[in-house]
There are 2 protein chains.
Amino acid sequence: MENRTQTSLIALRRILRATELNARTLARATGLTTPQLIVLEIVAAAGRLTPKDIAARAGVGQATATSLVDKLEARGLVTRTRGEQDRRVVWVAPTQAGLEMLKAAPDPLQRTFSQQFEALPDWEQAMIVAALERVGAMLNAGAIDASPLLDVGAVDRK
Amino acid sequence: MENRTQTSLIALRRILRATELNARTLARATGLTTPQLIVLEIVAAAGRLTPKDIAARAGVGQATATSLVDKLEARGLVTRTRGEQDRRVVWVAPTQAGLEMLKAAPDPLQRTFSQQFEALPDWEQAMIVAALERVGAMLNAGAIDASPLLDVGAVDRK
DNA sequence: AAAATTCATTCGCTAATCAAATCATATTTT
DNA sequence: AAAATATGATTTGATTAGCGAATGAATTTT
């Protein structure tokens with residue numbers, strides 16, 4: 001593998017690791033677990049969402065989404081309401097308390113990043129945006145082709 | 001928040017998400033879970049390690065490390081050996097089977113990324129490396145980061 | 001109207017994770 | 001040397017996450 005590829009991968013892992021650590025810290029600060037916090041953020045960002053959409057956006061199964069919403073509802077951070085026209089759907093929406101919790105626990109990673117990013121010269125901002133998008137596209141491309149292959153060639157399934 | 005900041009954050013999240021999906025796929029392919037795979041990689045990279053060090057590098061508690069090692073040992077992927085001079089410590093080392101599993105399950109994310117990255121024109125490679133390193137530095141600015149996983153081909157969890 | 005579909009939830013199960021307690025071995029103090 | 005302290009691994013007990021399959025309710029298609 002080429003040297004620069006290696007360097008990119010290391011940089012990428014450092015980014016991932018920083019994000020991960022941040023998520024844990026943040027979760028601890030709010031008293032929620034990371035997945036719960038993610039769901040709360042997703043719901044707050046969207047205004048209201050169905051469990052199905054929450055599952056899709058959070059990348060978990062529907063059953064898991066339901067149980068996470070359970071926890072949040074029990075803590076009074078979100079509400080459930082049956083759909084009006086389609087009564088199969090359930091609308092999950094943040095409560096005032098839920099919104100305040102998100103405000104009270106501003107994501108430190110995001111804050112640090114934003115501050116520093118906005119202080120960069122214009123050309124560097126542009127470069128970073130372009131590079132991040134490029135990398136994201138590259139990774140997503142791989143995820144799509146790779147998965148079907150891997151399911152077949154399982155190595156040591158029990 | 002500025003528009004470009006927002007765009008960067010979205011791109012970042014997309015990268016994160018791709019990585020998460022990749023971890024799950026990989027875990028499925030090997031029959032191991034992501035944390036188990038991480039531990040195996042850490043151990044293989046170090047040659048041999050104590051549970052305490054595994055815990056530190058994987059960023060989990062000692063108890064968790066023990067239970068993960070249990071799983072790997074049960075599958076014959078690592079061995080436990082009591083320390084010679086200090087019999088309190090336990091050395092965890094990969095077996096041949098463990099090493100082979102790592103070889104047989106190359107990280108698809110890494111592979112795809114590498115392939116695509118190496119196909120890029122020189123200037124773009126340079127740009128991406130610079131941008132990723134910049135972002136990593138920015139994110140790590142706040143937290144003191146031990147980043148123990150970096151040298152390993154870790155998959156990263158969510 | 002019957003069949004198929006769609007959504008949410010429940011159920012049974014496995015894994016991850018932590019904190020506290022426990023056990024064995026070293027090291028330090030008295 | 002004996003007692004106290006420290007260290008490392010493990011066990012125990014509990015919670016949370018997560019999945020797939022089954023269930024139930026409501027809607028759409030045939």
Side-chain angles (χ1 to χ4, degrees), chain A residues 20-21 23-25 27-28 30-40 42-43 48-75 77-93 147 151 157-158, chain B residues 20-21 23-40 42-43 48-75 77-93 155-158:
Chain A
E20 183 189 320
L21 289 177
R24 283 194 202 177
T25 308
R28 229 164 249 166
T30 57
L32 296 174
T33 63
T34 311
Q36 288 170 18
L37 189 57
I38 289 174
V39 168
L40 181 55
I42 288 174
V43 167
R48 63 171 204 178
L49 272 183
T50 65
K52 187 194 176 98
D53 285 338
I54 292 172
R57 299 198 192 189
V60 300
Q62 224 167 348
T64 305
T66 290
S67 102
L68 293 172
V69 169
D70 282 349
K71 304 276 168 53
L72 294 174
E73 192 185 23
R75 271 185 173 78
L77 301 174
V78 300
T79 57
R80 277 183 164 105
T81 326
R82 277 281 163 195
E84 281 293 310
Q85 359 82 291
D86 186 340
R87 298 179 42 70
R88 285 172 308 183
V89 310
V90 164
W91 291 106
V92 180
S147 41
D151 277 349
R157 190 105 51 135
K158 204 167 144 191
Chain B
E20 261 171 49
L21 291 178
R24 285 189 204 173
T25 307
L26 183 54
R28 224 166 255 167
T30 58
L32 297 174
T33 64
T34 312
Q36 287 171 19
L37 190 57
I38 289 174
V39 168
L40 182 55
I42 288 174
V43 168
R48 64 171 203 176
L49 272 184
T50 64
K52 188 192 176 95
D53 286 337
I54 293 172
R57 299 199 192 191
V60 300
Q62 221 166 348
T64 306
T66 290
S67 103
L68 293 171
V69 170
D70 282 348
K71 304 274 169 55
L72 294 174
E73 192 184 23
R75 272 186 170 77
L77 302 173
V78 301
T79 57
R80 277 182 164 105
T81 327
R82 278 280 164 197
E84 282 293 313
Q85 358 85 290
D86 186 341
R87 298 179 42 70
R88 286 171 306 181
V89 311
V90 165
W91 292 107
V92 180
V155 194
D156 247 284
R157 350 181 225 173
K158 33 109 295 129

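Reminder, nothing fancy here: chain letters follow the sequence lines and each chain counts from 1.
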Let me have the donor-acceptor pairs involving side chains of residues 62-69 of chain B, under 3.5 Å, with sequence neighbours excluded, atom names and distances please.
from: T66(B); atom 1: OG1; to: Q62(B); atom 2: O; distance (Å): 3.3
from: S67(B); atom 1: OG; to: T64(B); atom 2: O; distance (Å): 3.4

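Taking R87(B) as the reference, R82(B) meet the side chain to side chain contact (heavy atoms under 4.5 Å, CB included) condition, with sequence neighbours excluded. Applying the salt bridge (charged side-chain N to carboxylate O under 4.0 Å, His left out) test to D53(A) and every residue at least two apart in sequence or in another chain returns nothing. Every side chain to side chain contact (heavy atoms under 4.5 Å, CB included) that R48(A) has, sequence neighbours left out, goes to W91(A), A93(A).
Using a 4.5 Å heavy-atom threshold, the side chains of L49(A) and R57(A) count as touching. Side chains of R75(A) and L32(A) form a contact here, defined as non-hydrogen atoms less than 4.5 Å apart. Inter-residue side-chain proximity for L72(A) and R80(A) is flagged as unmet; no heavy-atom pair is nearer than 4.5 Å.
Distances were taken from every side-chain heavy atom of T64(B) (C-beta onward) to each of dC18(C), dA17(D), dT25(C); the shortest belongs to dC18(C). Candidate nucleotides dA26(C), dT16(D), dT27(D) were compared by shortest atom distance to the side chain of Q36(A), and dT16(D) ranks first. Taking the side chain of D86(B) as heavy atoms from C-beta on, and the options dT25(C), dA17(D), dA26(D), the nearest nucleotide is dT25(C).
A pairwise comparison of heavy atoms in A58(B) and I38(B) identifies CB-CG2, 4.5 Å as the closest pair.
Phosphate contact (OP1/OP2 of dA17(D), side-chain N/O of K71(A), threshold under 4.0 Å): present.
In terms of position on DNA chain D, the residue among R87(A) and L68(A) whose nearest nucleotide sits closer to the 5' end is L68(A).
As rounded to whole Å, 17 Å separates atom P of dT15(D) from atom CG of L32(A). Rounded to a whole Å, the CG atom of L37(A) is 15 Å from the C1' atom of dT16(D). Look at CD on E84(B): it is 14 Å from P on dT25(C), rounded to the nearest Å. When rounded to the nearest whole Å, the span between CD of Q85(B) and C1' of dT7(D) equals 14 Å.
Between D86(B) atom CG and R88(B) atom CZ the span is 4.0 Å, to the nearest 0.5 Å.
Base pairing in DNA chain D gives the following stems of 3 or more Watson-Crick or G-U pairs, range against range and under 3.5 Å: C:1-30 with D:1-30.
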message: Within the 4.0 Å limit for protein heavy atoms, which parts of nucleotides 1-11 of chain C are touched? Write it as a string from 5' to 3', B for base, S for sugar-phosphate only, - for none.
response: -----BSBBB-
